[in-house]
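Remarks on the structure that follows.
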Amino acid sequence: MRLPPSPSTAHNHPLLQLLRRCGDLPSLRQVHALLITTGLALHTFPLSRLLSAASRLSAAYSLSILDRITNPTVFLFNILISSATPHHPPELALSHYLRILASGRGLPAPLLFPNSFTYPSLFKLCRTYRLLDHGHAIHAHALKFLDPPFDHFVQSSLLCFYAITGRIDIVRILFDQIEDPDLACWNSVIDAYTRCDFVNKYIGITDTVGGNSAELSSEALSLFVKMLTCGVRPNEMTAVAVIIACANSGALYQGKWIHRYILKNGLKMNVFVATALIDMYSKCGCLDLAYQLFDKMPHRDILSYNAMIGGFAIHGHGHRALELFDKMKHEGLMPDNTTFVVTLCACSHVGLVEEGRRVFRSIKEDSGIDPKMEHYGCLVDLLGRSGQLEEALETVQSMPMKPNAVLWRSLLGAARVQVNLEIGEVALKNLLQLEPEISGNYVLLSNMYAASSRWDDASKVRQSMKDHGIDKVPGMSLVEIDGTIHEFLTGDRAHPNSMEIYYKLEEINGLLQEHGHRARTRTVMFDIEEEEKEDALSYHSERLAIAFALITMEPGIPIRITKNLRVCEDCHAITKLISVIYEREIIVRDRIRFHDFKGGACSCSDHW
DNA sequence: GTAGGGTTAG
């Protein structure tokens, strides 16, 4: 059938409203029949609604509708491309796009051309399903088929696509080409900076251009300021992206600033914004502020609970996390995967083994689904850290899926702390098979040999890392003073105040010795003399940061430090002492949790 | 028809 244009009344026809509410195939068939009898099925707009509804319910049915149309327009294909669902998988959406491209096959010219409504859907599809190669190819098509400059919809969907590839450099080039970017473009580019940070950290793309977490986040913030100076008014989504940037880099000062901005400028404190703020405050070390926000929320959903439980977890408040876990169920909210992850993690950080086991068992009982890999990971971590290594190993070997690298690594971590070489070697062997390219694994292996005084083996591992061009991740600490973030690497002398810092370190080391501190060198695993080991320790990045903060900051204000690695045993011991000697609270966020050093003790109770 | 959001083991 050939399609005449829709009658003007068709757009709000009652049958179309009915179509929107179709929840199953039989009722859709009924409405379809009615559309045919009323003649509406001959028009493009009603057909587009029909196709859209059909693709939500059945791929076969939507295809059968499409097949009966003699010359479907690009408009109808666009509808199908934009509606990827479980019933209408991405491959099907892509095949519709290919049909557009093939429309001229055997003819002197194509019948159909993709337009600027086609591409945003395609980029979204590639982003959602992580179809990176397709996305790049489709970008090339867009350059061929669309007249420059692309409109804002195409531009922003393109930015969002490149964000998931981790290529912030490409995102930035594309963004800089946009003339007069609108709110969507600004939101997309700011969001891209926070997303690339995520890609860097979790997806394991190591060759991203654009730097570390602090650099990406500070660029996100300066883009936000630039957006304001361009006179574009931010909305709640902008706020969320900026808050995530602050959470990722531990930028409390900027985080508080954006919080005030939201309140002052009438942005809505919706559940997204509030949850992001809760997460930001707890990741920036202000658990109290996070809880105040959580407590004041009129409506909390699973993600708000998860964020708060996760906050309790990283701050070592296992019991408060468990209370919230129960309260959530009491309020009728069904825990999801993440809830179980953060709750188990809370138990693990404090050594609540029995409680953790109970939570693990409740996964099946509460949600009816079998525990997933990440839940087994938490359980293994919980058992391993609390000294029950044999049971942890049994869990890994008997779990129903093939253990991943993270799982072997947590077992290895536990084996190392408890100096169990036998289990450690089993874990390492498996780990290196799964992740031959990750430097941390070799460092662990080398440290383990060193711990058992097998110096030759240890240095062989280090050499083979060098030979394979695998770099060790350098230890780095950030400290925020009056809104400026200062960055220190291990043994760093690049800071303008370097002289004073090292002078202060000498003072600190002297006082530490007076207080009876003897360096614990078990964690510095090089085959070097004892004195040299102590020396290497005294330059760990957090010490430089602490020394600098002690010089610069007013007394009485807590020092907040963010690290990219775990705190080493010796740094942990001396930070406890410094908190007494200098009467300062020192809050350290390491790679996975917080340590709140006060009056000679740490909030983690030395369990980390 | 069209971009876009918060939580996640080590």
Side-chain angles (χ1 to χ4, degrees), chain A residues 44-45 48-49 51-52 73-83 115-124 127 151-161 163 181-192 194-195 198 202 235-244 247 270-280 282-283 300-311 313-314 336-349 372-382 384-385 404-414 431 440 444 566 590-593:
Chain A
T44 304
F45 187 76
S48 75
R49 305 323 316 147
L51 277 173
S52 171
T73 57
V74 170
F75 171 67
L76 290 179
F77 280 115
N78 286 350
I79 295 284
L80 287 169
I81 293 169
S82 70
S83 49
N115 60 23
S116 58
F117 293 112
T118 320
Y119 286 102
S121 314
L122 285 169
F123 290 131
K124 183 181 174 183
R127 170 191 160 92
D151 69 28
H152 285 155
F153 286 115
V154 180
Q155 308 262 30
S156 48
S157 60
L158 197 52
L159 297 179
C160 292
F161 166 71
D182 65 356
L183 177 62
C185 294
W186 282 106
N187 284 353
S188 304
V189 73
I190 295 172
D191 185 64
T194 64
R195 217 162 279 278
F198 179 84
Y202 298 103
N235 65 4
E236 289 72 18
M237 276 178 210
T238 331
V240 167
V242 175
I243 296 164
I244 297 169
N270 63 24
V271 67
F272 295 103
V273 175
T275 305
L277 280 172
I278 289 169
D279 183 53
M280 185 276 291
S282 55
K283 283 189 179 146
R300 306 180 194 102
D301 65 6
I302 299 179
L303 275 80
S304 342
Y305 268 97
N306 291 352
M308 197 62 240
I309 296 174
I314 56 174
D336 68 359
N337 278 343
T338 310
T339 317
F340 292 116
V341 168
V342 290
T343 310
L344 285 166
C345 174
C347 295
S348 173
H349 282 320
K372 297 204 167 26
M373 176 86 79
E374 55 265 41
H375 305 125
Y376 281 97
C378 296
L379 184 64
V380 168
D381 190 52
L382 174 73
R385 272 180 210 254
N404 65 7
V406 174
L407 241 142
W408 288 118
R409 196 162 33 237
S410 24
L411 190 63
L412 174 61
L431 182 57
L444 285 172
R566 305 281 343 241
D590 79 7
R591 194 165 55 77
I592 66 164
R593 65 165 294 164

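So that the names make sense, note that chain A is the first sequence line, chain B the second, and so on, each numbered from 1.
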Margin query: Does A:K283 reach a base, just sugar-phosphate, or nothing at all? Heavy atoms under 4.0 Å.
Written below: sugar-phosphate
Check: Can you say whether the rings of A:F45 and A:F75 are parallel (under 30°), tilted (30 to 60°) or perpendicular (over 60°)?
Finding: parallel
Check: So what does A:S304 touch, heavy atoms closer than 4.0 Å: a base, only the sugar-phosphate, or nothing?
Finding: base
Checklist line | From A:D191 atom CG to A:I244 atom CD1, the distance as rounded to the nearest 0.5 Å | finding: 6.5 Å
Item checked: Touch class at under 4.0 angstrom, heavy-atom based, for A:D301 against every strand present -> base
Next item on the list: To the nearest 0.5 Å, tell me how far A:S348 OG sits from A:R593 CZ.
Entry: 9.0 Å
Next item on the list: Pick base, sugar-phosphate or nothing for A:I592, based on heavy-atom distances below 4.0 Å to the nucleic acid.
Entry: base
Check: Rounded to the Å, how far apart are A:I309 CD1 and B:dA9 P?
Finding: 13 Å
Margin query: Taking any heavy-atom pair under 4.0 Å as a contact, classify A:M308: base, sugar-phosphate, or nothing.
Written below: nothing
Check: Atom NE2 of A:H375 to atom P of B:dA9: distance rounded to whole Å?
Finding: 11 Å
Notebook entry, point to check: Please give, in whole Å, the distance from B:dT8 C1' to A:D279 CG?
Noted result: 10 Å
Note to self: How many whole angstroms separate atom CZ of A:F340 from atom C1' of B:dT7?
What the structure shows: 15 Å
Check: Is a donor-acceptor contact shorter than 3.5 angstrom present between the side chain of A:S410 and the base of B:dG10?
Finding: no
Check: Which part of the nucleic acid, if any, lies within reach of A:Q155 when heavy atoms closer than 4.0 Å are counted: base, sugar-phosphate only, or nothing?
Finding: nothing
Notebook entry, point to check: To the nearest angstrom, how far is A:N270 atom CG from B:dG4 atom P?
Noted result: 18 Å
Between protein and nucleic acid, restricted to nucleotides 1-3 of chain B and to nitrogen or oxygen atoms under 3.5 Å apart, what atom pairs and distances do you find?
from  : atom 1 : to    : atom 2 : distance (Å)
B:dG1 : N7     : A:N78 : ND2    : 3.3

Next item on the list: For A:V341, answer base if it contacts any base atom (sugar-phosphate contacts may also be present), sugar-phosphate if it contacts only those atoms, and nothing otherwise; contact means non-hydrogen atoms under 4.0 Å.
Entry: sugar-phosphate
Notebook entry, point to check: Atom CG of A:D381 and atom C1' of B:dT8: how far apart are they, to the nearest Å?
Noted result: 14 Å
Next item on the list: With rounding to the nearest 0.5 Å, note down the distance linking CD1 in A:I309 to SG in A:C345.
Entry: 11.5 Å
Check: For the atom pair CE (A:M237) and OG (A:S188), what is the distance rounded to the nearest 0.5 Å?
Finding: 10.0 Å
Margin query: What's A:I244 touching, base or sugar-phosphate or nothing? Going by heavy atoms closer than 4.0 Å.
Written below: sugar-phosphate
Margin query: Could you tell me how far apart A:I243 (CD1) and B:dG5 (P) are, to the nearest whole angstrom?
Written below: 15 Å
Notebook entry, point to check: Is A:V273 touching bases, backbone alone, or none of the nucleic acid, heavy atoms closer than 4.0 Å?
Noted result: nothing
Next item on the list: Specify the separation, in whole Å, of atom CZ of A:R593 and atom P of B:dT8.
Entry: 15 Å
Next item on the list: Output yes when at least one side-chain N/O atom of A:R385 is less than 4.0 Å from OP1 or OP2 of B:dG10, else no.
Entry: yes
Next item on the list: Can you figure out which of B:dG6, B:dG4, B:dT7 approaches the side chain of A:M237 most closely?
Entry: B:dG4
Check: Have A:N115 and A:T118 got a donor and an acceptor in their side chains that come within less than 3.5 Å?
Finding: yes
Margin query: Restricting to side chain to side chain contact (heavy atoms under 4.5 Å, CB included), what partner residues turn up for A:D336, sequence neighbours left out?
Written below: A:I302, A:N306, A:T338, A:T339
Margin query: Between the base of B:dG5 and the ring of A:F272 - centre-to-centre under 5.5 Å, planes within under 30° - is that a stack?
Written below: yes
Margin query: Please check this pair: side chain of A:S52 against backbone of A:S48, looking for a donor-acceptor N/O pair closer than 3.5 Å.
Written below: no
